[in-house]
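Written out below as structure tokens is the structure these notes cover.
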Number of protein chains: 2
Amino acid sequence: MARNARENKAGPPARPRTRSAAKPAARRGRAADNSPYHHGALHDALLKAAERVLERDGLGGLTLRAVAREAGVSHAAPTHHFGDLTGLLSELAAIGFRMFNAAMVAANNSETHPLMKGMASAKAYVAFAQAHPGMYGLMFRNERLDMTRPSLHEAASASFAGLARGVGASRQEKIPGEELEALSLDQAAAIARAWSLVHGFTMLLLDGRLKDILHRMPEGTAPDRLLEAMLRSTGRPPGG
Amino acid sequence: MARNARENKAGPPARPRTRSAAKPAARRGRAADNSPYHHGALHDALLKAAERVLERDGLGGLTLRAVAREAGVSHAAPTHHFGDLTGLLSELAAIGFRMFNAAMVAANNSETHPLMKGMASAKAYVAFAQAHPGMYGLMFRNERLDMTRPSLHEAASASFAGLARGVGASRQEKIPGEELEALSLDQAAAIARAWSLVHGFTMLLLDGRLKDILHRMPEGTAPDRLLEAMLRSTGRPPGG
DNA sequence: TGTACATCAGTGAACGCGCGTTCACTGATGTAC
DNA sequence: TGTACATCAGTGAACGCGCGTTCACTGATGTAC
């Protein structure tokens with residue numbers, strides 16, 4: 001039945017497994033460099049490579065093989081470290097959530113007045129997504145994440161707790177951010193409102209859906225300006 | 001070099017192109033039915049099949065070949081009608097926008113008081129996304145759409161114009177919905193606010209990110225209830 | 001009413017691609033003695 | 001200090017899959033005369 005062999009299209013059809021003894025041990029068909037057989041810190045290197053691929057080629061381009069290529073190792077190496085694609089994506093998303101949390105904490109600490117804290121956090125939220133659009137999509141579009149992975153679950157929960165805490169602070173009351181604690185309808189509405197606003201704005205912005213609005217505003221308003229005006233407005237008619 | 005031939009794995013390796021004269025003309029290896037060679041309305045049938053595939057298997061499962069399978073025609077048939085996958089997706093998204101617009105208009109007409117109109121529209125917006133989650137994702141996540149296609153551009157623009165009109169009505173002022181007309185900062189902020197709120201809520205809901213909140217609310221609050229409370233609240237602290 | 005012919009819609013085989021996964025193997029590192 | 005050996009990280013070939021696209025062909029429909 002002559003199965004196909006795509007991986008050596010141009011080479012000799014069935015090179016024997018034993019390597020030519022004359023070939024130096026350090027040159028093994030990979031890039032003609034001095035890289036050792038063992039990478040040493042491939043786990044982290046693969047995650048860094050994955051982030052580059054994600055931001056360059058988008059979620060669709062983020063495959064095990066693409067990550068291996070980007071890291072300069074054989075395409076089977078990532079499986080060794082992450083099991084499968086979901087494993088890699090989940091660990092990468094966990095890193096994203098940690099970065100995101102750090103940015104939120106920093107923004108929150110940059111202001112003292114509760115309302116200013118809220119504005120600074122919202123700006124930092126959108127800025128993070130603009131700086132890491134691929135990562136933001138990976139984190140919040142959850143296509144192929146395994147949220148039961150401890151590292152990811154923990155980082156994502158911390159991010160939600162931070163959001164709840166922030167909303168509580170701006171309402172000058174304590175909102176339980178930890179799991180299993182109950183929320184009143186008012187508290188839940190406040191959290192959903194803040195998150196929906198900033199998440200919706202972010203998604204529309206990243207997907208280019210706000211272009212229409214921005215183009216029709218006074219002299220090329222920047223997204224930041226629109227965000228600020230949006231958060232300042234009450235959502236009520238001008239007279240009421 | 002023995003190229004592989006996947007499409008006839010088990011059959012005779014190279015069936016001659018001329019068919020056996022003994023075989024009746026109507027039975028051609030397709031399903032053993034009486035379906036004629038020409039479908040007659042394949043264009044529409046393919047779009048309907050695509051919608052079924054989209055809602056059943058998600059955006060990732062929506063391929064030209066899957067649509068052809070669902071419609072029961074050869075896998076090369078869709079290319080004939082849509083050119084490529086982007087063409088099919090774009091026409092499908094245009095249909096989605098038209099359905100969406102109709103739902104918005106109906107909701108808007110169902111109430112007379114401006115504030116009630118807004119609430120009804122928001123509920124209809126979320127309800128549409130819940131009823132057609134795949135379609136909503138296709139329309140608003142624009143991964144592979146060609147927004148320059150006239151049919152799609154027109155339907156999407158109409159949808160935006162309707163949104164602007166609705167926001168204007170709730171502010172009891174006219175907001176220019178057509179293209180090229182300018183928006184004040186206040187008007188733009190009001191539109192961005194309404195759209196971000198409802199789009200963000202929808203995306204978080206569809207992606208399961210509101211589960212945490214809903215589970216911690218009084219006795220299994222439905223998403224509708226949370227949406228209502230969210231839209232009613234001012235977003236300001238309780239005392240202010 | 002019949003007949004030749006152009007046009008069109010749909011078919012099925014084939015090509016080439018990238019992917020995830022498996023597997024025997026290789027080369028380096030660390031450990032026991 | 002040396003040596004045998006287990007363990008581990010990474011390799012490269014191979015398999016099978018589904019995909020988009022192309023292409024010669026087929027069968028039906030419509031039109032001119």
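Basis for what follows: all heavy atoms, side chains included, without hydrogens, waters or symmetry-related copies. These numbers were taken from a predicted model, which means no experiment stands behind them. Naming: A, B, ... by sequence-line order, numbering from 1 per chain.
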Sorted by first residue and then second, give each salt bridge (Lys or Arg N to Asp or Glu O under 4.0 Å) pair with at least one member in residues 121-136 of chain B; sequence neighbours left out. B/Lys123-B/Glu228

Taking OP1 and OP2 of C/dC17, is either one under 4.0 Å from a side-chain nitrogen or oxygen of A/Arg65? no

Partner set under side-chain contact (heavy atoms from CB on, under 4.5 Å) for B/Glu55, not counting sequence neighbours: B/His132, B/Pro133, B/Met135

Where does DNA chain C pair, written as one dot-bracket string 5' to 3', with Watson-Crick or G-U pairs under 3.5 Å, ( ) inside the strand, [ ] for crossing pairs and | for another strand? .||||||||||||||||||||||||||||||||

Who passes side-chain contact (heavy atoms from CB on, under 4.5 Å) against A/Ala194, sequence neighbours left out? A/Val167

Members of residues 48-58 of chain A that approach DNA chain D, where some heavy atom sits under 4.0 Å away: none

Checking A/His81 now: which residues fulfil ring-ring contact (aromatic ring centres under 6.0 Å, His included) with it, not counting sequence neighbours? A/His43

Can you list, pair by pair, the side-chain donor-acceptor contacts under 3.5 Å of residues 96-108 of chain A, counting residues two or more places apart and other chains?
unit_1, atom_1, unit_2, atom_2, d
A/Asn101, ND2, A/Phe97, O, 3.3
A/Asn101, ND2, A/Ala155, O, 3.3

DNA chain D contacts among residues 78-88 of chain A, heavy-atom distance under 4.0 Å: A/His80, A/His81

Please report, to 0.1 Å, the donor-acceptor pairs under 3.5 Å made by any side chain of residues 44-54 of chain A, with sequence neighbours excluded.
unit_1, atom_1, unit_2, atom_2, d
A/Arg52, NE, A/Glu70, OE2, 2.7
A/Arg52, NH2, A/Glu70, OE2, 3.4

So do the side chains of B/Leu138 and B/Leu145 get within less than 4.5 Å of each other, counting heavy atoms only? yes

Sorted by chain and number, sequence neighbours left out, side-chain contact (heavy atoms from CB on, under 4.5 Å) with A/Thr63 holds for A/Arg65, A/Ala66

Just jot down the salt bridge (Lys or Arg N to Asp or Glu O under 4.0 Å) partners of A/Arg141, sequence neighbours excluded, or say none. A/Asp207, B/Glu143

Qualifying residues under side-chain contact (heavy atoms from CB on, under 4.5 Å), relative to A/Asp146, sequence neighbours excluded: A/Thr86, A/Ser90, A/Thr148, A/Arg149

